[in-house]
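Each ligand, and each atom within it, is numbered from 1 in the order the structure gives. All residue numbers in this chain count up from 1 along the given sequence. What you see is a predicted model, and the numbers here were worked out from it, not measured in a lab.
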Amino acid sequence: MIGSAEEYIERLRSYKREIYVLGKKIDNFADHPNIRPTVNAFAYTYELAKTRDEFAPYSDLVGEKVNRLNYVNKTPEDLMARFDYQRELSKRMATCNYRCTGCDAINAIYPATKALDEREGTDYHQRFLKLLKEIQKNDYACTAALTDVKGDRSKRPAEQRDMFLHVVEKREDGIVVSGAKVHQSGAFAADVNFVLPTQTFKQGEEEFAIVFAVMPEDEGVKYIIQNTGVQAKQREDGEFEPGNVKYGDRTTCMVVFDNVFIPWERVFIFEDLKAARDVLNYFAASHRCAGAACKAGFIDSMAGAASLMLKANGLENVAVLQQKIAEMVAVSEGAYGISIGAAAKGYKANDSWQPNQFMANAGKIIGVEGFTKSLVNLIDIAGGIIGTSPSEFDMKGELGEKVSKYMSASEKFTPEQRMKIVKFIEFWATSSHLIGAVHGGGSPAASLITLRFIMDIEDKEKAVKNCLDL
Ligand SMILES: Cc1cc2nc3c(=O)[nH]c(=O)nc-3n(C[C@H](O)[C@H](O)[C@H](O)COP(=O)(O)OP(=O)(O)OC[C@H]3O[C@@H](n4cnc5c(N)ncnc54)[C@H](O)[C@@H]3O)c2cc1C
């Protein structure tokens, strides 16, 4: 079904979650100022799904239309529609849509468990399909947790078990897991959180090679909300001071698994090194490619903000500044083009359609460069005020008249309107977005490692040798 924002929020309110902000457990988490914007962002995915047919495809699995982000892609067109949805969400919200990692997990677990069952004669795929049906029928919002805390990066997991999520007990009815995941986007406000490995493992490290789903009823799961500058501003209760009041900073959390019991029906890979590698490879390509489409949407938002700022400053006729906006548009279309190319040039894998691996990883590298360039252009266009401005509260406070007078620029904009644009651009420059662009889906270094591993440089050398008669 295509659910509604209201149904999602109502469900969320019924969940009894252990969520911590600034060291204290919070009540009514859905209305907390650090969480409400994330809830709004999830909610908007439900609204946008209703606006275009391709965002609500028909699923054979349940015999009805489902959200694009809960769908297993079967064709290049499916993947392209997913990237369109992704770009549109990023552009309209200027923040994470949070359901994208869930979509990547669904599209990674599906082919990986199919191959695992064919190899081992197990029933993991059927278990997964049972949950997927439930997800599609109820339009659950899903996220995915991969990144372990990892401790000393030079040590193997077995040398520091607690730094990697692992099995502590195998029971007849399920498994008990322990460990912690970091940087988890929106996990605290999702219905289902898929848990995948953070890396591949060697023989002897099987206890880490697991994939499962966490549901709201699971006990012992603790969420600690990130605290950065924008989070602090969100608690100040301003009307526009945090810059993106409606959808907020892309908010992550640390998730602690304190001996959490997971029933077998929600365990999809258990101590299998090959299947863990497969699921990770599918996830990484899918997420890096979706990230390129997402960055396109973010850059669209930055270009819009840049153009408004030019007008608010009375600079809209300055050619060199307009040209910088054109550069941002070029970068956005380039990143989007990579994701669409990766969808078109993708491949079939166990009844799913996966993006082209080269282009997906290139999307990460080019996307980060493009995002950085666009952010610098935006800062250049906006002026220093986005890093130095007084607050909304000053504008409304004892010196309000003076602050408003000196914050005014073009007559076409009130001082408050200009200040809103300033705060929005300050948000782009100082929120978690740049860091998320660099590290979300793995660092650029991780993409380069993948590219170095899969690239056919001999073929390129051969072309040069032929050219030079070497
Ligand atoms: C805003 C944001 C949102 C995120 N959302 C999610 C999410 O929803 N779900 C999720 O699972 N993850 C999420 N991530 C995590 C993201 O995938 C990781 O940040 C990324 O994979 C890098 O891992 P790390 O932060 O632990 O960096 P580190 O492991 O500390 O790495 C730092 C650098 O060192 C390199 N490095 C690390 N270890 C080694 C080694 N042994 N040998 C050589 N080089 C090494 C890395 O490539 C990187 O360049 C998010 C991150 C951010 C910033």
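Annotation: Arg250 places no N or O atom under 3.5 Å from an N or O atom of ligand 1; distance criterion only. Residue contacts with ligand 1: Ala144 is placed with a nitrogen or oxygen under 3.5 Å of a nitrogen or oxygen of the ligand (distance criterion only). Between Gln184 and ligand 1, at least one pair of N/O atoms sits closer than 3.5 Å. Remark: ligand 1 and Leu146 share an N or O pair separated by less than 3.5 Å (distance only, no angle test). Taking only nitrogen or oxygen atoms, main chain and side chain alike, Thr147 reaches within less than 3.5 Å of ligand 1.
Ring geometry for His125 against Phe128 counts as tilted: the plane angle lies between 30° and 60°, on a 0 to 90° scale.
Closer than 4.0 Å to atom 28 (P) of ligand 1 lies at least one heavy atom of the protein. In this structure, atom 17 (O) of ligand 1 has a protein heavy-atom contact shorter than 4.0 Å. Protein heavy atoms are absent from the 4.0 Å sphere centred on atom 33 (C) of ligand 1. Counting protein heavy atoms under 4.0 angstrom from atom 53 (C) of ligand 1 gives one or more. By the definition of a contact as any protein heavy atom under 4.0 Å away, atom 24 (P) of ligand 1 is in contact. There is no protein heavy atom less than 4.0 angstrom from atom 42 (N) of ligand 1.
Of the heavy atoms in Lys181, none comes closer than 4.0 Å to ligand 1. Of all the heavy atoms of Thr252, the ones lying under 4.0 Å from any atom of ligand 1 belong exclusively to the side chain. Looking at Ala145 against ligand 1, only its backbone comes within 4.0 Å, counting heavy atoms.
Looking at heavy atoms from C-beta onward, Asn138 lies in side-chain contact with Glu134 at the 4.5 angstrom threshold. Looking only at side-chain heavy atoms (C-beta outward), Val149 and His183 stay at 4.5 Å or farther from each other.
Interface of Ser443 with ligand 1, defined as ligand atoms under 4.0 Å from a residue heavy atom, comprises 46 (C), 47 (O), 48 (C), 49 (O). For ligand 1 and Arg153, the ligand atoms under 4.0 Å from any heavy atom of the residue are 26 (O), 28 (P), 29 (O), 30 (O), 37 (C), 38 (N), 41 (N).
Glu392 contributes a side-chain N or O that, together with a main-chain N or O of Glu241, makes up a donor-acceptor pair within less than 3.5 Å. Judged purely by atom type and a 3.5 angstrom limit, Gln136 uses its side chain to pair as donor or acceptor with the backbone of Asn70. Not a single donor-acceptor pair under 3.5 Å links the side chain of Asp300 to the backbone N or O of Lys91. Side chain of Glu369 to main chain of Gly367: no donor-acceptor pair is present (N/O by atom type, distance under 3.5 Å, no hydrogens or angles). Side chain of Asn97 to main chain of Cys294: no donor-acceptor pair is present (N/O by atom type, distance under 3.5 Å, no hydrogens or angles).
Remark: minimum distance from atom 6 (C) of ligand 1 to any protein heavy atom is reached at His183 O, 2.8 Å. Looking only at heavy atoms of the protein, atom 21 (O) of ligand 1 is closest to Gly442 CA, 3.4 Å. Closest protein heavy atom to atom 26 (O) of ligand 1: Lys150 NZ, 2.9 Å. Protein heavy atom nearest atom 3 (C) of ligand 1, with residue, atom name and distance: Ser185 OG, 3.3 Å. Protein heavy atom at the shortest distance from atom 20 (C) of ligand 1 is His439 O, 3.4 Å.
For the side-chain contact (heavy atoms from CB on, under 4.5 Å) criterion with Tyr247, the lone passing option out of Leu89, Val39, Asn40 is Asn40.
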For side chain to side chain contact (heavy atoms under 4.5 Å, CB included), just list the numbers for Thr95 and His433, CA-CA rounded to whole Å, side-chain angles, deciding distance to a tenth of an Å, and then say yes or no. CA-CA 8 Å; Thr95 202; His433 277 305; 3.9 Å; yes
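In this structure, Arg99 forms a cation-pi arrangement with Tyr46, its terminal cationic atom sitting closer than 6.0 Å to the ring centre and no more than 45° off the ring axis. With Phe55 as the aromatic partner, Arg68 does not meet the cation-pi criteria of under 6.0 angstrom to the ring centre and within 45 degrees of the ring axis.
Checked against a 6.0 Å centroid threshold, the rings of Tyr8 and Phe42 count as neighbours.
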